[in-house]
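Have a look at this one before I ask anything.
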Amino acid sequence: MNVVLLSGGGGGARFARGLASVLQPRELTAVANVGDDLEILGLHVSPDVDGLLYTLAGLLDDERGWGRADETWRALGAVGEWGGEDWFRLGDLDLGLHLVRTPALREGATLSEVTVRFVERAGITTRLLPATDDRLRTHVATPAGTFPFQEWFVGRRHEDEVVDVEYEGAEQAAPAPGVLEALASADAILFAPSNPYLSIGPILAVSAIREALERRAVRCVAVSPLVGGKAVTGPLDRMLSRMAGGTTPAHVTDRYTGLIDVLVIDRADAPAEAAVPLVVTDTVMRDREAERRLAEVVLEAACA
């Protein structure tokens, strides 16, 4: 069975781990959001690619929900002491990965090529692909101005209300090698329980990826990132309320019109109606077993 997952954020990475636990090796391809990528301290950081890498490799700090386990912060502390940018949390172990990726990119390697190297070194059997090797950056428009995603999300603690989301470079971006091939050969396509605007949106902004999904011949199942109309983490409920008019399952499916066939929702959001059939289950991934159960439910819906 070939399964393709579109993913971003911590929830997407944990869901990918659940899928990997029930699928056979190499049956899963995870396509990662790169709209969150940034250059800071001279380094190229790709948070959603790295989140999938760390989670699937068993390196994630599960308690914090991001970054490496057993992380230390001495280098960043020294950066702050010397007057450098320390608002974006880069731990010492995390820095090691960026210190390898950045010169490789400067020497001409693509992001997908470097990611393949990391996957092989980590011993991961999931195929991990960035959505694009081209520059694609999410910008968030707010009453206080328009900000690059990380500046708004981390630097400003996503306190500004969002009035629009823009994807810089999306019109010129081409899918990374292997993405369209994976979609064409998939037996099922899944959208992780990720923010439709900030995590899945940048992937869908790559026109060739959206077009491939529109002409899909297999089922596409999305997992709602809401529980009881609230975001598990992050500002999605505020964004949906302001930009879409509500936080029901219907408001989630409206973000994916023409792209999905089923939406999996939490019991706290049922009963409900939406433009596509709904599957009701427990979607909160409190532990590995919950990740696995959710993965099984979603795969069953995709193969029904």
Next item on the list: Mind listing the closest non-hydrogen atom pair of V31 and I203 along with its distance?
Entry: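 Where V31 meets I203 most closely, the heavy atoms are O-CD1, 3.6 Å.
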Side chains of Y197 and P202: does their closest heavy-atom pair fall under 4.5 Å?
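No. Closest side-chain heavy atoms not under 4.5 Å.
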Discussion item. Closer than 3.5 angstrom, by distance alone: can the side chain of D261 be matched with the main-chain N or O of C220 as a donor-acceptor pair?
Written reply: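 Yes; at least one donor-acceptor contact below 3.5 Å.
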Quick check against the 3.5 Å criterion: does D134 have a side-chain atom that pairs as donor or acceptor with the backbone of A174?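 Checking the backbone N and O of A174 against the side chain of D134, a donor-acceptor pair under 3.5 Å is found.
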- Query: Does a side-chain heavy-atom distance below 4.5 Å link W66 with D61?
  - Reply: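 Of all side-chain heavy-atom pairs linking D61 with W66, none is under 4.5 Å.
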**Prompt:** Hey, is the main chain of D269 close enough, under 3.5 Å, to the side chain of D266 for a donor-acceptor pair?
**Reply:**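 Checked: no pair found.
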* Asked: Is a donor on one side and an acceptor on the other found under 3.5 Å between the side chain of R17 and the backbone of G12?
  ->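 Answer holds: no.
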Main chain of L95, side chain of H98: is a donor-acceptor contact present, judged purely on distance under 3.5 Å?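 Checking the backbone N and O of L95 against the side chain of H98, no donor-acceptor pair under 3.5 Å is found.
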| message | I need the R288 CZ to R14 CZ distance, nearest 0.5 Å. | response |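 Here the rounded value is 11.0 Å.
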Find the distance between OH (Y54) and CD1 (I124) and round it off to the nearest 0.5 Å.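 Taking OH in Y54 and CD1 in I124, the distance rounds to 11.0 Å.
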Within 45° of the ring axis of F149 and under 6.0 Å from its six-membered ring centre, is that where the NZ or CZ of R137 lies?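 Output no; distance or angle outside limits.
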Hydrophobic cluster membership, with links at side-chain heavy-atom distances under 4.5 Å among I/L/V/M/F/W/Y: are F147 and W87 in one?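 As far as the 4.5 Å side-chain criterion goes, W87 and F147 are connected within one cluster.
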Of all heavy-atom pairs between S112 and P177, which one has the smallest distance, and what is that distance?
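S112 and P177 have their closest heavy atoms at OG-CD, 3.8 Å.
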Report yes or no: does W152 contribute a side-chain atom to a donor-acceptor pair with the main-chain N or O of D160 at less than 3.5 Å?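 Between the backbone of D160 and the side chain of W152 there is a qualifying donor-acceptor contact (under 3.5 Å).
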What about Y256 and L236, same hydrophobic cluster or not, with Ile/Leu/Val/Met/Phe/Trp/Tyr joined at side-chain heavy-atom distances under 4.5 Å?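 Linked, Y256 and L236 end up in one cluster.
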query = Can you tell me if E71 uses its side chain to pair, donor with acceptor, with the backbone of D94 under 3.5 Å?
reply =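 Judged by distance alone, yes, a pair lies under 3.5 Å.
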Do E168 and R135 pass the side chain to side chain contact (heavy atoms under 4.5 Å, CB included) test, and can you show the C-alpha distance, the side-chain angles, and the key distance before you say yes or no? CA-CA 8 Å; E168 176 199 350; R135 180 181 172 84; 3.7 Å; yes
Any heavy-atom pair between the side chains of D164 and E166 that's under 4.5 Å?
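A side-chain contact exists here, since the closest heavy-atom pair is under 4.5 Å.
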Side-chain heavy atoms nearer than 4.5 Å, only ILVMFWY residues, links allowed to pass through others: does that put V276 and V280 together?
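Both belong to a single hydrophobic cluster.
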field: Nearest atoms (heavy-atom pairs only) where P47 meets Q150
entry: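 Scanning both residues completely, I find the closest heavy atoms to be CG-NE2, 3.5 Å.
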I'd like to check F191 versus L204 (side-chain heavy atoms, cut-off strictly below 4.5 Å). Are they in contact?
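F191 reaches L204 side chain to side chain.
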query: Does CD belonging to E300 count more than 12 external heavy atoms closer than 6.0 Å?
result: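 Not buried by this count: 12 neighbours or fewer within 6.0 Å.
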Practice item. Quick one: pull up CD in E289 and CG in L294 and give me the separation to the nearest 0.5 Å. Key: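 Output value for this atom pair is 11.5 Å.
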>> Looking at D92 and A75, would you say the former's side chain and the latter's main chain have a donor-acceptor pair under 3.5 Å?
In response: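 The answer is yes, because a donor-acceptor pair under 3.5 Å joins these two groups.
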key: Flag if over 12 foreign heavy atoms under 6.0 Å of CD, E214   =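 Count over threshold, so yes.
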> In terms of hydrophobic clusters joined by side-chain contacts under 4.5 Å, are V284 and V297 together?
Replying inline: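 Cluster IDs for V284 and V297 differ.
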| said: So that I can tick it off, tell me whether E81 and R74 are bridged by a salt bridge, with the cut-off set at under 4.0 angstrom between side-chain N and carboxylate O. | reply: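 No, R74 and E81 are not salt-bridged.
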> Is the CZ atom of R121 crowded by more than 12 outside heavy atoms at less than 6.0 Å?
Replying inline: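 Count not over threshold, so no.
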Is a side-chain N or O of T281 found less than 3.5 angstrom from the main chain of T283, in a donor-acceptor match?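 Side chain of T281 to backbone of T283, a donor-acceptor pair under 3.5 Å: no, none is there.
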Out of L28, L183, V218, L129, which residue meets the side chain to side chain contact (heavy atoms under 4.5 Å, CB included) rule with V4?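 Running side chain to side chain contact (heavy atoms under 4.5 Å, CB included) over L28, L183, V218, L129 with V4 returns exactly one hit, L183.
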Worksheet item: With side chains defined as the heavy atoms from C-beta onward, is the minimum distance between P143 and V163 less than 4.5 Å?
Response: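 When only atoms from C-beta onward are counted, V163 and P143 do touch, with a gap below 4.5 Å.
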Quick one: do N2 and T29 satisfy side chain to side chain contact (heavy atoms under 4.5 Å, CB included)? Show the steps, please.
-> CA-CA 8 Å; N2 293 318; T29 298; over 6 Å; no
* Asked: Do the side chain of T247 and the main chain of G229 share a donor and acceptor less than 3.5 angstrom apart?
  ->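 Yes; judged by distance alone, with no hydrogens or angles, the pair exists.
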Exercise. To the nearest 0.5 Å, how far apart are OG1 in T248 and CD in E273?
Worked result: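 Here the rounded value is 10.0 Å.
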Evaluate the side-chain proximity of D282 to R267: yes if any heavy-atom separation is below 4.5 Å, no if none is.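 Of all side-chain heavy-atom pairs linking D282 with R267, at least one is under 4.5 Å.
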| request: Work out which heavy atom in P130 is nearest to a heavy atom in V49; give both atom names and the distance. | output: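 Looks like CB-CG2, 4.4 Å.
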request  = Take L198 and M239, measure what side chain to side chain contact (heavy atoms under 4.5 Å, CB included) needs, and give me the verdict at the end.
outcome  = CA-CA 10 Å; L198 302 176; M239 294 179 68; 3.7 Å; yes
Pairwise distance OG1(T142) to CD(E161) - rounded to 0.5 angstrom |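 Nearest 0.5 Å value for the OG1-CD distance: 9.0 Å.
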### Query
Minimum heavy-atom separation for F88 to V45, with atom names?
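Distance-wise, the nearest heavy atoms are CE2-CG1, 4.0 Å.
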Close side-chain approach of L59 and L53, heavy atoms under 4.5 Å: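 When only atoms from C-beta onward are counted, L53 and L59 do not touch, as no gap falls below 4.5 Å.
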Heavy-atom side-chain proximity of R68 to L60 below 4.5 angstrom: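 No; the side chains remain at least 4.5 Å from each other.
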Do L97 and L56 belong together in a cluster built from hydrophobic side chains that touch within less than 4.5 Å?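 Cluster IDs for L97 and L56 match.
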Subject >> R156/E151 ion pair, N-O < 4.0 Å >> reply: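 So R156 does not pair with E151 through a salt bridge.
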On a heavy-atom basis, which atom in A109 and which in V114 lie closest, and how many Å separate them?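 In this case the closest contact between A109 and V114 is CB-CG2, 3.9 Å.
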Practice problem: Supply the atom-to-atom distance L111 CG to R101 CZ, rounded to the nearest 0.5 angstrom. | Solution: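 So the gap between those two atoms works out to 6.0 Å.
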- Item | side chain to side chain contact (heavy atoms under 4.5 Å, CB included) between H139 and Y167, intermediate numbers included | CA-CA 6 Å; H139 293 263; Y167 308 112; over 6 Å; no
Dump the intermediate steps for side chain to side chain donor-acceptor pair (under 3.5 Å) on N33 and S199, then the final yes or no. CA-CA 6 Å; N33 167 43; S199 295; 4.7 Å; no
